[in-house]
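Please read all numbers here as calculations on a predicted model, not as lab measurements. Every chain is numbered from 1 and lettered A, B, ... according to where its sequence line falls, protein lines coming before strand lines.
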There are 2 protein chains.
Amino acid sequence: MEIATIKDIAKALNLSTSTVSRALRGSYEINPETKRIVLECAEKLNYRPNPIALSLKENRSRAIGVVVPEIDNPFFSQAINGIEAIAYNRGYHVVIFQSHESYDREVVNIQHLASRRVDGVLISLSGQTTHVEHLKELHTKGMPIVFFDRFSDEINTHKVVADNYQGAFEGTEHLINSGKKHIAHLAASPTLSITRERINGYKAALEKHGIPYNEDFVKYCNFSIEDMEKVIDELLSQPILPEAIFTVSDRLAMACLKILKKRNIRIPEDMALMGFSNLKVAELLSPSFTSVIQPALEMGQRAAELLLDLVEKKSKIPVYQTITLPTELVIRDSTKTASE
Amino acid sequence: MEIATIKDIAKALNLSTSTVSRALRGSYEINPETKRIVLECAEKLNYRPNPIALSLKENRSRAIGVVVPEIDNPFFSQAINGIEAIAYNRGYHVVIFQSHESYDREVVNIQHLASRRVDGVLISLSGQTTHVEHLKELHTKGMPIVFFDRFSDEINTHKVVADNYQGAFEGTEHLINSGKKHIAHLAASPTLSITRERINGYKAALEKHGIPYNEDFVKYCNFSIEDMEKVIDELLSQPILPEAIFTVSDRLAMACLKILKKRNIRIPEDMALMGFSNLKVAELLSPSFTSVIQPALEMGQRAAELLLDLVEKKSKIPVYQTITLPTELVIRDSTKTASE
DNA sequence: TTGTAAGCGTTATCAT
DNA sequence: ATGATAACGCTTACAA
C-alpha cells in the first residue's frame, strides 16, 4: 500500500511541500505553469490526499456515525440507505454502529463515536434506553446529534419521525371500519417514543368510534421472539378473545401468525391482522395483511440533511425542529375492507 | 467538542507528553506512582486517545471498508450484520459503501476506500461489473481484499460463497420430485459468478432426472423491477408454459407473483414458485413458497475473519482459500411436496 | 510566487 | 524514570 504523498511530489519536482499543496487545492497565489507541472506529477504518481492527515489537522473526519438497534431490520437498512445517499452526495462517509437494542452497547457505541471523532451522529435509540446522559454529554460538548424514529425529549435537537400517532390511528380505524370492535395492540418497549405515540393513536381511534379502551388488549414486549410469543399467548388466553390484532412490527406480525396457526385460528376469518411494516416484499405477504408503511428511506434522508447542515454550520444559531413524515396505509385485499 | 489530549494531561501534571504517553499504555519504564497520577488525571479530564493521530502515525485506520450492491437488501444487510459483529469484537470499525449495482459507482467506491486508507476491503461485486482492474490495482498495492458472495476469478484472494450450485440443484430437484418437468429458471446478471453456479446446479438436476434442457426456460434479468416484469412476461408468452419457476431472489419472486396474479395463474395449482431467498419473515410468506436460504450472516462473519487475519498478517504467506457454505432448503407446506 | 516553519495528537528514539 | 525531539501528511501564517 505505498501511496504517494505531497512530499514525494515536492521531491520529484524540487519544490517545497507548501507549493505543491497550494497547487493541488486553492489555485490562488500560484504560477499556472507550476500548477500544471504539479498536477501532472500528482497524476503520474497517482497521488491521493490522505484524509487522515487532513482530519488531524482540521479536527474533523468527514464521517458521520449512525447508531441503530439492528442493521438487519428492513426499517433501519432502508433508513441507512437514505442516510448513505445524502452523505455520499455531500462528501461524507457513514460509519455504522449497532446497539442490538442494548443500553450498554449503545453507551459503548457513543464512546467509540466520540473517540473516532465523527463530525456528527444520527441515532435511533435502543429499546432498553431509558436515560440519555451519554448523549447529553456528547451533545453539550458540541457534537451535532440528530434523532430519527426513536428519540428522547431530554435532548434539544432535530428529530425526524414518522407520524406514528396518525399511522396507528388510521390502522386501528381501518380495523374498526371493517367491523372489528375488540382490537388488540401489540406494542414494543414501553420506554420508546414510538410506542407511546402509537398507543395514543390507537386509543384515539377507539374513542372516536365509541369503543371502550380495554387495558388487557394492550401488550408490550421486547424484541426477542420468545418474549413475543409468550406475550401473544397471554393475549390469546384471556377470557375475551380479540377480533383483530394490530402489531407494531413485522417480527411481531410473524410471531402472531405462528401462534395463530398453532391455535388453528384462521386469518382473516377468525382474526384480522395488521400493523406497522417495512417489508419491500408486500406482494409476497398474505394478501389480507394490511400494513402501515413507514417512510424509512425518507426519514434517513431528512435526518442526514439536517445533521450535515448542523455539521457544516449552515445556520449559526440552529433552530431545532421535529419533522414528522406521514405513514402510508396499504390495504392489499380490498374485497375484505368493505365487507362485514 | 473539546476533548482532552495527552498535552493537557502533561500540562496539568507538569510532566512531558512522553511520560504521559508511557503511563497511558505500555507500563514498562514508568514509576508506578507517576502512572497512578496520570491515569487519575486522564480519568478526570475524560481523556480519550485520538484514533486519527494514531492512524496517521501507524498508517492504519482500524477500519475496514465494505462494498455491497445495496444495503437495503436482506441478504446484504444480514451479511453486514455478520461483518460488523466480527469487526466490532476485533476492534475495527466498518465503513459502508454501496455500488447500487453500478460499475462506475463501484470504481468510485474503491477510490474512496483507498484514499480513506481502510485496512482492508470486503466486497461483493456489482451486477454490472465485468472487469476488475480497479480491484486488481488496489490488491497489487497490498490492500487485503476478501470477496463474499459475488467474486471475480481474476483476483487471487479469499472468497466466501454460498453453495449456489447445490442450492439450485436441490431446489430444482425439489420441483422435479413434486412432479414438475417444465421448470423455468429466472436468473440475475449473466456476468455474476452466482448466476453461473446456479444455472449449473439447475442443469445438473434436470440432467439427473432425464429432463431435457430448454434454453427458452432460462431468462436473465437485471435488478430493475421493470426489467424483471418484462422478462417474466416474455417467459409466460412462450408457446410452452412452464409448470414451475425457480427464481434467484426475493424481488424476482415478488415480480413473478405480481405477473402471475395479473394473468390469473394460480400458485401452486397452476404454477409452482420457489427460489433463493433471504427474508426473515418466512412465516409471513405464502406457505407454498419453498425457498433456498443463504447463510448470509455466516458468510459475512467468515469473510470478516479472513480479512482481519490478512490485515493483521496472522499468516505471513497467505494461502488464499475459497470457503463454500451450505444453503438450506426450506419447505413450508409439506403437504404439497409429496403429492402429485 | 515560493519557501520556511509550526502545528494537529501520538509514539518511538535517543538523550539525560 | 523522565524529558526532548522527530516523525506521520497536510495546511497555513509568515518570510523572503
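Checked by distance alone, B/Ser18 brings a side-chain donor or acceptor within 3.5 Å of a matching partner on the base of D/dA4.
For B/Ile6 and D/dT2, the CD1 to C1' distance is 14 Å, given to the nearest whole Å. Atom CZ in A/Arg62 sits roughly 12 Å away from atom P in D/dT11 (whole-Å rounding). Between the CG atom of B/Asn14 and the P atom of D/dA4 there is a distance of 10 Å, rounded to whole Å. The separation between B/Asn59 atom CG and D/dC10 atom P is 11 Å, rounded to whole Å. Atom CD1 of A/Ile30 is separated from atom P of D/dT12 by 14 Å (rounded to the nearest Å). If you measure from atom CD of A/Glu58 to atom P of D/dC10, you get 12 Å, rounded to the nearest angstrom. Going from atom CG of B/Leu56 over to atom C1' of D/dT11 covers 13 Å, rounded to whole Å. Per the geometry, CZ belonging to B/Arg22 stands 10 Å off C1' belonging to D/dA4, to the nearest Å.
A residue-by-residue look at A/Pro49 and B/Asn31 shows that B/Asn31 has its nearest nucleotide of DNA chain D further toward the 5' end. Nearest-nucleotide assignment on DNA chain D puts the 5′-proximal partner with A/Lys7, out of A/Thr17 and A/Lys7.
Side chain to side chain, A/Asn81 and B/Gln98 meet the donor-acceptor criterion of an N or O pair below 3.5 Å.
You'll find the ring centres of A/Tyr103 and A/His131 inside the 6.0 Å limit.
Here NZ of B/Lys11 is found 11.5 Å from CG of B/Leu45. Values are rounded to the nearest 0.5 Å.
A cation-pi arrangement, defined by a distance under 6.0 Å to the six-membered ring centre and an angle within 45 degrees of its axis, is absent between B/Arg116 and B/Phe97.
Between A/Ser21 and the phosphate of D/dT11, there is a side-chain N or O to OP1/OP2 separation shorter than 4.0 Å.
Between A/Glu312 and A/Arg60, no side-chain nitrogen of the basic residue sits less than 4.0 Å from a carboxylate oxygen of the acidic one, so the salt-bridge criterion is not met. Looking at A/Glu137 and A/Lys141, a side-chain N of the basic residue comes within less than 4.0 Å of a carboxylate O on the acidic one, giving a salt bridge. Ion pair B/Arg36/B/Glu40 flagged as a salt bridge, since at least one NZ, NE, NH1 or NH2 atom sits closer than 4.0 Å to an Asp/Glu carboxylate oxygen.
B/Ile52 comes within 4.0 angstrom of nothing in the nucleic acid, heavy atoms only. Within 4.0 Å (heavy atoms only), A/Ser55 reaches no atom of the nucleic acid at all.
Protein chain A contacts DNA chain C over a range whose 5' and 3' limits, counting nucleotides with an atom under 4.0 angstrom from a non-hydrogen atom, are C/dT1 to C/dG9.
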